[in-house]
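Some notes on the structure that comes next.
Every chain is numbered from 1 and lettered A, B, ... according to where its sequence line falls, protein lines coming before strand lines. Everything numeric in this text was worked out from a predicted model, so none of it was measured.
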2 protein chains.
Amino acid sequence: MQKKVTIYDLSKILNVSPATVSRGLNDHPSISAKTKKRIALAAKKHGYITNKFAVNLTKQKSNTIGVIVPRLNSYFMSTVLAGMEQVINKVGYNLIISQSLESEEKEKINAKTLLNSGVDALLVSLSYETSNYDHFIDYTSRNIPLLFFDRVLNLPECYTVLIDNKAAGYEATEHLIHQGCTNILHISGHLKRNVYSERFEGYKNALQANNISFQEANFLETDLNPKKIDRVMKHIKNSTNKIDGIFVSSDNFAASCIKELTKEGYRIPEDIKVIGFNNDFVSEIVSPNLSTIDYPGFKMGMLAGESIIAHLNGNINLESINAITLRHKLIKRESTSK
Amino acid sequence: MQKKVTIYDLSKILNVSPATVSRGLNDHPSISAKTKKRIALAAKKHGYITNKFAVNLTKQKSNTIGVIVPRLNSYFMSTVLAGMEQVINKVGYNLIISQSLESEEKEKINAKTLLNSGVDALLVSLSYETSNYDHFIDYTSRNIPLLFFDRVLNLPECYTVLIDNKAAGYEATEHLIHQGCTNILHISGHLKRNVYSERFEGYKNALQANNISFQEANFLETDLNPKKIDRVMKHIKNSTNKIDGIFVSSDNFAASCIKELTKEGYRIPEDIKVIGFNNDFVSEIVSPNLSTIDYPGFKMGMLAGESIIAHLNGNINLESINAITLRHKLIKRESTSK
DNA sequence: AAGTTTAATGCAATCGGTTGCGTAATTAAT
DNA sequence: ATTAATTACGCAACCGATTGCATTAAACTT
């Protein structure tokens, strides 16, 4: 193994000071062109690579951004991350990614770990469980920028990137109503999270606007895990009024519903119409095709990444901005046709 | 904003030397219990957090592991990453994740960036394109452990985690044969990558073992992008001998095939039987259910993570091990039933 | 009581760049 | 030719923790 080459080694080789080598490598204006060339050549020749540890220490900056997501293995989240990674890498930053696995405890630990490892900023999408937010105080009190995306939190110092879930929930529900549904079941995630509570709001508003009274029995709070579909099926079968429409807050779960309902003899969309959320890949695969809300995950990731970078570079100041809302889109497919 | 507290601040407050504070915080045996307690208390009281930049510099180690994957937004990859993240976080390491987007150029850049940022090890799944491997020399020559998973490379110093793709390809193909198929199309990814070339080998071996001669026309090298399904459909329609079985190297693509074939009037599995690869979520959603090869992504991630950690801790030496092969499993579903 | 262990802590160098300030060398101005 | 202005570079402190090697203080031997 070759031992690592430092600017001190280069400075000896070139007979200049380490300061000159450092400035030369960083293209500092006060170094002459020839000297820069000599330095660059020597650096290449001896395989010099800058020791980021030392740079980080002096600059007190790691060029690294932390991310906490509920889970990595979801189509939506991995798409968001792909967007982030793309813009962030382009400007020389790195992404440290960790998952909370929907646990508040793990989210806290991750936040602390990332704080410790010196991330320059933190991007978070909250876990299902989280209801105490003290672990973010460490960041705000240290002026480390904090940005929430998708599953957000309305802290005064923080900035959020999301879609208008209330409007989207409204549109999805109204679409079902327009297609003739009158007794619509809403299968939601945990209401603690904005994304679900707001879609629920939208759902209720759409009902009201169309003179349909909301029934408690038509609301199901779940963890949207396709493996726990049984409870939903039981609920549907046992409902007193025949359910003729379902608005599910996740495509995966909606696809499972379609699959299971079909198996039980229900015809989709004739007996029950179904609409999902996310425009996941499965929505085009399931039969019948799933109507859904297009959710711009990749753009959300890019935007979150761009915003945080711009803030770090001092180009924009997130403190004056509250939230960025992305455009969503209703996608009508077979599962809700008349 | 509170200014950051250092061990020097604490040492002044407590009237001890910085060395004592450092040792106290690290539970060094030569510090008395009372002093340790005083130090711990003061640290908590003043919100001290260790400056990882300084630690990294002295220790020349970042407790960070780099990962390069082709894409983040794939069900399989995000599952692998979830496995890695889980084991790696548990032992106090962080994961820096980057994606090559199937481009050799980007893979090279990522490798360099990660090297620069001082990762302690690198985990790689190769891009489609990559055919030159010089960017990994920087790692091997510096004795930075390098581990390939899934899409691997057989370098002497490197360690790989994968499944037996040849056997899996054999089983998938033979299953189709057992179900009565005699003219089986294989839709593959780029043969440059082991995962695809070996499945192809397995496919050919299974044909041969069953006295079916391999037809060039029954092999399609693609990039497995569902958006480019047209070419495949054309191929199937134009094939001289009626194709009665398809072995696709990806569930997503297989699901798209089923969808499209059904649309064109083919009956699955009566006219054509289809088997995929990966046991992705969509395989259970598509109608008919897709037979496939179960591919232990989460375990693969865990194993890769555990191996690299064990190596870094000196518990095992990867240099003596060549490859770890995980168990796969044939999953028979409706798409290949008789 | 003098010498020897043992326990507890401090000194100071080190990791590898960065950067404000000073200085020598070169060029421009008068 | 002398002074002023640039240009090019070096000095040395600094970022914050770690650690080998003293050193001091306390405990133990004989």
Ion pair check, K106(A) and E85(B), cut-off under 4.0 Å: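 Counted as a salt bridge, because a side-chain N and a carboxylate O are separated by less than 4.0 Å.
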With a cut-off of less than 4.0 Å, is there a side-chain N or O of [X] near OP1 or OP2 of [N]?
X      : N       : answer
N51(A) : dC15(C) : no
N26(A) : dT18(C) : yes
S17(B) : dT9(C)  : no
Y48(A) : dG17(C) : yes

Whole Å only: how far is the [atom1] atom of [X] from the [atom2] atom of [N]?
X      : N       : atom1 : atom2 : result
I7(B)  : dC11(C) : CD1   : C1'   : 13 Å
N15(B) : dC11(C) : CG    : P     : 11 Å
Q60(A) : dG16(C) : CD    : P     : 18 Å
K61(A) : dG16(D) : NZ    : P     : 17 Å
L14(B) : dA8(C)  : CG    : P     : 17 Å
L25(A) : dG17(C) : CG    : P     : 9 Å
K12(A) : dG16(C) : NZ    : C1'   : 12 Å
H28(B) : dC21(D) : NE2   : P     : 13 Å

Axis deviation across the helix from dA1(C)-dT30(D) to dT30(C)-dA1(D), five-pair ends, to the nearest 10°: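 Answer rounded to 10°: the end axes differ by 50°.
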Please determine whether the number of non-hydrogen atoms from other residues, nucleotides or ligands lying under 6.0 Å from atom [atom1] of [X] exceeds 12.
X       : atom1 : result
K112(A) : NZ    : no
K192(B) : NZ    : yes
K299(B) : NZ    : no

Y128(A) six-ring centre to R151(A) NZ/CZ under 6.0 Å and within 45° of normal: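 Here R151(A) passes the 6.0 Å and 45° test against Y128(A).
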First encountered from the 5' end of DNA chain C, between P29(B) and T58(B):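 First, find each residue's nearest nucleotide; the 5'-ward one identifies P29(B).
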Scan side-chain atoms only and decide if [X] and [Y] contain a donor-acceptor pair under the 3.5 Å cut-off.
X       : Y       : answer
N110(A) : N89(B)  : yes
E102(B) : S127(B) : no
S103(A) : S100(A) : no
K52(B)  : N63(B)  : no

Sugar-phosphate or base contact per nucleotide [nucleotides 22-27 of chain D; S, B, -; heavy atom under 4.0 Å]: ------
Any N/O donor-acceptor pair, R23(B) side-chain to dG10(C) base, under 3.5 Å: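 Yes.
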Which atom of R38(A) lies closest to which atom of L14(A), heavy atoms considered: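 Closest approach of R38(A) to L14(A), heavy atoms only: NH2-O, 2.8 Å.
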Nearest heavy atoms of G118(B) and F53(A), plus distance in Å: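 That would be O-CZ, 3.6 Å.
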So what does [X] touch, heavy atoms closer than 4.0 Å: a base, only the sugar-phosphate, or nothing?
X      : value
V16(B) : sugar-phosphate
F53(A) : nothing
D9(B)  : nothing
S22(A) : base

Close side-chain approach of Y48(B) and V21(B), heavy atoms under 4.5 Å: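 Y48(B) vs V21(B): side chains apart.
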Side-chain heavy-atom pair Y133(B), E104(B) within 4.5 angstrom cut-off: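 The answer is no; the side chains never approach within 4.5 Å.
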Looking only at side-chain atoms of [X], point me to the closest of [options].
X      : options                   : answer
A54(A) : dG17(C), dT19(C), dC11(C) : dG17(C)
K59(A) : dA17(D), dT19(C), dG17(C) : dT19(C)
L57(A) : dC15(D), dT18(D), dG10(C) : dC15(D)

Strand contacts (DNA chain C) in residues 30-39 of chain A, 4.0 angstrom heavy-atom criterion: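 Correct list: empty, so none.
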